[in-house]
Participant: 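This structure is in structure tokens; I'll ask about it shortly.
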There are 2 protein chains.
Amino acid sequence: MGTKVDLDPIMEALVATSALEDLERVTVQLRDTLGIDHIVYHWVDSAGEQYGAATYSETWIARYAEHNYLRIDPVILGCFQRFHPVDWKRLDWSSKAAKAFLKDALEHGVGNQGFSIPIRGPHGQFALFTANHTCDDAAWAEFTESYGRDLILLAHYFNRKALELEANRQPEMSRALSPREVDAMTLLALGYSRAQVAHSLSISEHTLRVYIESARFKLGALNTTHAIATAMSRGLIVV
Amino acid sequence: MGTKVDLDPIMEALVATSALEDLERVTVQLRDTLGIDHIVYHWVDSAGEQYGAATYSETWIARYAEHNYLRIDPVILGCFQRFHPVDWKRLDWSSKAAKAFLKDALEHGVGNQGFSIPIRGPHGQFALFTANHTCDDAAWAEFTESYGRDLILLAHYFNRKALELEANRQPEMSRALSPREVDAMTLLALGYSRAQVAHSLSISEHTLRVYIESARFKLGALNTTHAIATAMSRGLIVV
DNA sequence: TTTCCACTCCCCCAAAATGGCGAGGTCGCG
DNA sequence: CGCGACCTCGCCATTTTGGGGGAGTGGAAA
């Protein structure tokens, strides 16, 4: 952790990975290169499913999942609301759930110092890239100071790769909406009733219904609200 | 655009800015340092309000707003769906609206080459950081190759600063939803009817209605669909 | 301690949305 | 030329929502 090491080989290895499992190898490589305790890439799916590439012990990972720590982990909770990379010391560890969690984590090999970078993708995807170590505050401040930028870039590359690999697994097919359908959906999302929308678009309310039904069908939605939610999360309409 | 220039002074200037107007000066500084036509930081508020720090001409910016180009700009539309930085050539310019937009843009001083980095913050905030220039494909490929990483970092710093400055202007007006309200909104967004949601949450349909109405009130929404759309665009629920 | 908020439950009724049936027209593409 | 996609319109029955009341719990904050 003394002088700054070159992380370019790691970034290249990261760009070259072609399977989710390989991400774990990159975390190990990165951890060893940086000479710290742990590197964690933790991604939370839009449905709440989580996936991680971490150097943590198997037991800690299992324990984390088993106790549903996702719900109380102050790192997740804190980072979810902000954009900035954050030092763990600046998070809120005051609740008793957080204290218990921290104690448990330290007992399972997690270091006392942490630096996490929240990062977001389309469709509400959220991920966290974390560097973790055991040392005093001064040493950690020095580390985050010198590697902050690299960690941001690495977080970006990790997330890009994860999204890329995930996309291969689920090739989401979505037919585009017609212009009129987009108009209708947009106005509905803005809170107008069908009558108001029909009036706004200068068409009969029945015609409007045809658009809505057509859009619902295309989006595989069960009702109008669902269609709006789907269209929004797919970026088909902007509100 | 030949040899790689040092961008550290710009990053430091960026970190030091303390007003939104100063961001514009940084874009100019950055544009001149890189020797390209334009640098644009374009942020879209959760409510659809936009703010930008760009080196574009006043007339183009006014025209963009006036014609509501936000809705058809292929750069916005394309980047909203992805995480990767993207070269403008790889976007979908096939629609006639896109072609008209492009023609108009080129006539107002926008370069033919572009490289945009989508970036997201909490509460559904979305922003775009763009480098724009007039040159051939080869020269542009060389530029993006050598400055890609720096642009990612700059996008990150721009966004961080914008969020920081914006937070000062609007001190958290939107009240958060209660856990039950989030549950209700989420299930509704997934297409369930009130009866189904009530059953899923093991509460009476009436209780559910109270949550929905409460959420509607908090979000200032006119109906359920509007509430869902608002909650989604504010990042209060994730679907 | 009192006050506020989140959470839970009940009634009734009007308005809105939805589903199913039908009918036409234009436009572009193979 | 036919086919499909888009745009436009009408009626009727059913389901879903929204709006108006009122009432009780428990926990957290002031």
Side-chain angles (χ1 to χ4, degrees), chain A residues 71-72 77 92 94-98 173-231 236-237, chain B residues 72 92 94-99 172-231 236-237:
Chain A
R71 306 271 166 189
I72 58 166
L77 263 37
D92 177 21
S94 61
S95 81
K96 56 174 180 286
M173 178 48 204
S174 72
R175 247 193 298 172
L177 298 179
S178 79
R180 274 321 229 186
E181 284 159 1
V182 172
D183 293 343
M185 292 285 109
T186 305
L187 290 173
L188 286 174
L190 290 173
Y192 295 102
S193 72
R194 290 205 315 203
Q196 290 173 306
V197 173
H199 185 252
S200 291
L201 298 178
S202 305
I203 55 177
S204 78
E205 200 176 326
H206 181 91
T207 304
L208 176 72
R209 276 180 47 194
V210 177
Y211 295 145
I212 299 172
E213 278 172 40
S214 157
R216 257 213 321 268
F217 176 75
K218 286 179 181 175
L219 297 170
L222 299 165
N223 53 43
T224 303
T225 303
H226 191 197
I228 298 292
T230 308
L236 301 176
I237 62 174
Chain B
I72 59 166
D92 177 22
S94 61
S95 80
K96 56 175 180 288
K99 288 193 180 102
E172 202 59 38
M173 50 131 307
S174 73
R175 248 193 298 173
L177 300 179
S178 79
R180 276 318 231 186
E181 284 160 1
V182 173
D183 293 342
M185 292 285 111
T186 304
L187 290 173
L188 287 173
L190 290 173
Y192 296 100
S193 71
R194 288 202 315 203
Q196 289 173 307
V197 173
H199 184 254
S200 291
L201 297 178
S202 305
I203 55 177
S204 78
E205 199 176 327
H206 180 90
T207 304
L208 176 70
R209 275 180 48 196
V210 177
Y211 294 144
I212 298 173
E213 279 171 37
S214 155
R216 258 213 323 269
F217 177 74
K218 286 179 181 174
L219 298 169
L222 298 165
N223 53 41
T224 303
T225 303
H226 191 197
I228 297 293
T230 308
L236 301 177
I237 64 173

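Side-chain atoms are counted along with the backbone in the values below, which use heavy atoms only and exclude waters and symmetry mates. All chains are named by letter (A, B, ...) in the order of the sequence lines, taking the proteins before the strands, and each is independently numbered beginning at 1.
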Participant: If you round to the nearest 0.5 Å, how far is OG1 of B/T224 from CE of B/M185?
Facilitator: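 Result: 6.5 Å between the selected atoms.
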Participant: Can you tell me if A/S204 touches the phosphate of D/dT8, counting only side-chain N or O atoms and a distance under 4.0 Å to OP1 or OP2?
Facilitator: no
Participant: Hey, is the side chain of A/S214 poking within less than 4.0 Å of OP1 or OP2 on D/dC6, counting only N and O atoms?
Facilitator: no
Participant: Separation of A/Y211 atom OH from C/dG19 atom P, in whole Å?
Facilitator: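 Between P of C/dG19 and OH of A/Y211: 18 Å.
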Participant: Rounded to whole angstroms, how far apart are NE2 on A/H226 and P on D/dT16?
Facilitator: 17 Å
Participant: Could you give the CG-to-C1' distance, from B/L222 to D/dT17, as a whole number of Å?
Facilitator: 14 Å
Participant: Can you check whether B/R216 has a side-chain N or O nearer than 4.0 Å to OP1 or OP2 of D/dT17?
Facilitator: no
Participant: Given that B/V210 and B/T224 both sit by DNA chain D, which one's nearest nucleotide is further toward the 5' end?
Facilitator: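 Of the two residues, B/T224 wins.
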Participant: Could you give the distance from NZ (A/K218) to OG1 (A/T230), rounded to the nearest 0.5 Å?
Facilitator: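 Output value for this atom pair is 14.0 Å.
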Participant: Apply side chain to side chain donor-acceptor pair (under 3.5 Å) to B/T225 and list each qualifying residue two or more places apart in sequence or on a separate chain.
Facilitator: A/T225
Participant: How long is the line joining CG of A/L201 and P of D/dT8, in whole Å?
Facilitator: 8 Å
Participant: Rounded off to whole Å, could you give me the CD1-to-P distance for the B/I212 and D/dT16 pair?
Facilitator: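 Atom CD1 in B/I212 sits about 13 Å away from atom P in D/dT16.
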Participant: Nearest 0.5 Å please: distance from the OH atom of B/Y192 over to the CG atom of A/L222.
Facilitator: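 Going from the OH atom of B/Y192 to the CG atom of A/L222 covers 8.5 Å.
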Participant: Please work out if B/S193 contacts a base, only the sugar-phosphate, or nothing of the nucleic acid, heavy-atom cut-off 4.0 Å.
Facilitator: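 Sugar-phosphate, no base atom in range.
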Participant: Within this structure, what is the CD-to-C1' distance between B/E205 and D/dG19, rounded to whole angstrom?
Facilitator: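 Taking CD of B/E205 and C1' of D/dG19, I get 15 Å after rounding.
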Participant: For B/S178, which contact category applies under a 4.0 Å heavy-atom criterion: base, sugar-phosphate, or nothing?
Facilitator: sugar-phosphate
Participant: Please state how far atom CZ in B/R209 lies from atom P in D/dT17, giving the value in whole angstrom units.
Facilitator: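 That distance rounds to 11 Å.
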Participant: Could you state the CE-P distance from A/M185 to D/dC6, rounded to the nearest angstrom?
Facilitator: 14 Å
Participant: Output all residues satisfying side chain to side chain donor-acceptor pair (under 3.5 Å) with A/S204, sequence neighbours left out; order by chain, then residue number.
Facilitator: A/T207
Participant: May I ask you to evaluate whether B/R194 reaches the phosphate of D/dT17, defined as a side-chain N or O under 4.0 Å from OP1 or OP2?
Facilitator: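 For D/dT17, OP1 or OP2 has a side-chain N or O of B/R194 closer than 4.0 Å.
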Participant: Could you work out which one of C/dG20, D/dG19, D/dC6 sits closest to the side chain of A/K218?
Facilitator: D/dC6
Participant: Between D/dG18, C/dC9, D/dC7, which nucleotide gets closest to the side-chain atoms of B/I203?
Facilitator: C/dC9
